[in-house]
Amino acid sequence: MNNPSGPSDATDRAEAANDCPHDTSAGLLYLYAVARHADLVGQYLTRPPHAQPVTGVAGEPVRLVRHLDLVGVAGRVPATDFDEEPLHRHLEDLDWLAAVAHRHQAVVEAASSAAAAGVLPLRLATVYRDAASLRRMFQARHEALTTALDHLDGKVEWGVKIYTLPSPETEARTAPDSAAAPDSATAPAGAAARDSATAPATGGDGGPKAPAAESDQARSAAAPGVGRAYLRRRGAERRADEDRARQADDAVRQIHTALAASAEAAHLHPPQNSSLSVHPGRNLLNASYLVRRDDDSAFTAKVRAQVERAPASGLMVELTGPWVPYSFVAATTGLADGTTDDR
């Protein structure tokens, strides 16, 4: 392979000489994004108008590490937080994770705004021992990285989630009043008869009174009818729920097919955990769409049309973005396969 154009070997050696050799005090090198060498200038990532260095997840100044025709947006972070064992513990702390994710996203957005062309955003907590390790990765994956930069240039990511809306019937069944006071039509078979049969009967003087034979016979005759009505009702409710679920799935497939046809690429994520969602319904679609910036308006108009139509199908559509295209980096570079950190 021909040597890519970019800074000379002498420039690489000069910058490498300024890198701190790895030790415990130097920390680890956290990589936020990758860009073309010519698209980001200077030694540090800065934010206009005062050219103050952008700070990263640990409050560190974010620097630019160069090799060949690529530049890494990176910062020194403490090994006590980001080495393998402490990081594993931290990832179970949702508050810590949310704070780091927010700062990570801020750095990526700053790099995207500063770059003349697109950047490749890295997954959360991608770390290297030192700049030499990062440059080895640049060398080994140069072709994949430059191909991805070309492919994603001028494109953004839009997120679309679709949730079910609770049906009126479901809301009625789960309402507190209906749960607390079932009537005879919804009570299980024989429940009313059992309640009457187990309640002690009293006479006028407060003493026990033998139940009337005809009352026993009436209850026995009524119980099967009440039970059959209850089972029929529950069966009808179950079939209605299944029909609604099929219709919702069909509607979601149609929406996804239409949106994917309007995008450069689509990526399906696992459904969102309902315990982490602010929406009461089930998440049926959690997708990302890669869209050209020039096509933003047309794509979002299609999504908003679905937002308006979806409630008629018992659905709610949520649009987020535009984002730097995180979801489309791994497929072209392998940077999310767990082999890039060179620990």
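Please read these numbers as outputs of a predicted model, since none were measured by experiment.
Nearest approach of Val100 to Val57, heavy atoms of both residues: O-CG1, 3.7 Å. Contact between Trp96 and Leu91 at its shortest, heavy atoms only, is CZ3-CD2, 4.4 Å. The minimum heavy-atom distance linking Leu149 with Val34 is given by the pair CD2-O, 3.8 Å. Summarising the geometry of Gln139 relative to His67, their closest heavy-atom pair is OE1-NE2, 2.9 Å, with the distance given to 0.1 Å. Between Leu122 and Ala33, the closest heavy-atom pair is CD2-CA, 3.7 Å. Contact between Gly56 and Val62 at its shortest, heavy atoms only, is N-CG2, 3.7 Å.
The hydrophobic cluster containing Leu165 does not contain Ile255, counting ILVMFWY residues as joined when their side-chain heavy atoms lie under 4.5 angstrom apart, directly or transitively. Hydrophobic clustering, with ILVMFWY side chains joined whenever heavy atoms are under 4.5 angstrom apart, groups Tyr32 together with Leu97. When the side chains of ILVMFWY residues are joined at heavy-atom separations under 4.5 Å, either directly or via intervening members, Tyr326 and Leu285 end up in two distinct hydrophobic clusters. In the hydrophobic clustering of this structure, Val291 groups with Leu319; members are Ile, Leu, Val, Met, Phe, Trp, Tyr whose side-chain heavy atoms approach within less than 4.5 Å, directly or through other members. Hydrophobic clustering (ILVMFWY, side-chain heavy atoms < 4.5 Å, transitive): Val119 and Val156 are in distinct clusters.
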(message) Let's go through His256 and Leu268 carefully: what are the C-alpha distance in whole Å and the side-chain angles of both, what is the deciding distance for side-chain contact (heavy atoms from CB on, under 4.5 Å) to 0.1 Å, and is it a yes or a no?
(response) CA-CA 10 Å; His256 172 63; Leu268 293 175; 3.7 Å; yes

(message) Checking Val307 against Val317 for the side-chain contact (heavy atoms from CB on, under 4.5 Å) test, could you report, in this order, the C-alpha distance in whole Å, the side-chain angles of both residues, the deciding distance, and whether it holds?
(response) CA-CA 5 Å; Val307 170; Val317 178; 3.9 Å; yes

(request) Could you go through the side-chain contact (heavy atoms from CB on, under 4.5 Å) check for Gln306 and Ile162 one step at a time? (result) CA-CA 10 Å; Gln306 298 294 345; Ile162 302 181; over 6 Å; no

(message) As a quick check of understanding, evaluate side-chain contact (heavy atoms from CB on, under 4.5 Å) for Leu290 and His151, giving each step before the final call.
(response) CA-CA 11 Å; Leu290 185 67; His151 175 62; 3.9 Å; yes

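Residues satisfying the side chain to side chain donor-acceptor pair (under 3.5 Å) criterion with Thr300, sequence neighbours excluded, are Arg304. Partners of Arg282 according to the salt bridge (Lys or Arg N to Asp or Glu O under 4.0 Å) rule, which considers only residues two or more places apart in sequence or in another chain, do not exist here. Residues passing the salt bridge (Lys or Arg N to Asp or Glu O under 4.0 Å) test with Glu308: none are found, sequence neighbours excluded. Annotation: side chain to side chain donor-acceptor pair (under 3.5 Å) contacts of His269 (sequence neighbours excluded): Ser288, Ser327. Applying the salt bridge (Lys or Arg N to Asp or Glu O under 4.0 Å) criterion to Arg47, with sequence neighbours excluded, gives no partner residue. Under the rule for a side chain to side chain donor-acceptor pair (under 3.5 Å), the partners of His104 that lie at least two apart in sequence or sit in another chain are Tyr30. By the side chain to side chain donor-acceptor pair (under 3.5 Å) test, Asp295 pairs with no residue at all, sequence neighbours left out. Checked against ring pair (Phe, Tyr, Trp, His ring centres under 6.0 Å), Tyr163 has the following partners two or more places apart in sequence or in another chain: His279.
Applying the salt bridge (charged side-chain N to carboxylate O under 4.0 Å, His left out) test to residues at least two apart or on different chains, the pairs with a partner in residues 33-42 are Arg36-Asp69, Arg36-Asp150. Applying the salt bridge (charged side-chain N to carboxylate O under 4.0 Å, His left out) rule to pairs touching residues 88-99 yields Glu85-Arg89, sequence neighbours excluded. For residues 253-268, the set of pairs meeting the salt bridge (charged side-chain N to carboxylate O under 4.0 Å, His left out) definition, not counting sequence neighbours, comprises Asp250-Arg253, Glu264-Arg292.
Between the CG atom in Leu87 and the CG atom in Leu124 there is a gap of 8.0 Å [rounded to 0.5 Å]. Between Arg63 atom CZ and Leu45 atom CG the span is 12.5 Å, to the nearest 0.5 Å. How far CH2 of Trp158 is from CG of Leu259: 12.0 Å, rounded to the nearest 0.5 Å. Interatomic distance, CG of Leu28 versus OG1 of Thr126, reported as 12.0 Å (0.5 Å rounding). Atom-to-atom distance recorded for Thr164:OG1 and Leu315:CG is 7.5 Å, nearest 0.5 angstrom.
Taking 4.5 Å as the limit, some side-chain heavy atom of Leu145 sits within range of a side-chain heavy atom of Phe138. Asp83 places a side-chain heavy atom less than 4.5 Å from the side chain of Arg129. In this structure, Val324 and Glu157 have side chains that are not in contact, with every pair of non-hydrogen atoms separated by 4.5 Å or more. For the pair Val73/Leu64, a side-chain contact is recorded, criterion being any heavy-atom separation below 4.5 Å from C-beta on. Contact annotation: the side chain of Ser262 approaches that of Lys302 to within less than 4.5 Å [non-hydrogen atoms, C-beta and beyond].
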Which donor-acceptor pairs under 3.5 Å do the side chains of residues 107-117 make with protein atoms, sequence neighbours left out?
from	atom 1	to	atom 2	distance (Å)
Glu109	OE2	Gln105	NE2	2.5
Ser113	OG	Glu109	O	3.0

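Between the side chain of Arg66 and the backbone N or O of His37, at least one donor-acceptor pair lies under 3.5 Å. Judged by distance alone, with hydrogens and angles left aside, the side-chain atoms of Asn286 form no donor-acceptor pair with the main-chain N or O of Lys161 at under 3.5 Å.
Below 30°, between 30° and 60°, or above 60°: for Phe299 and Tyr289 the angle between ring planes is between 30° and 60°, a tilted geometry.
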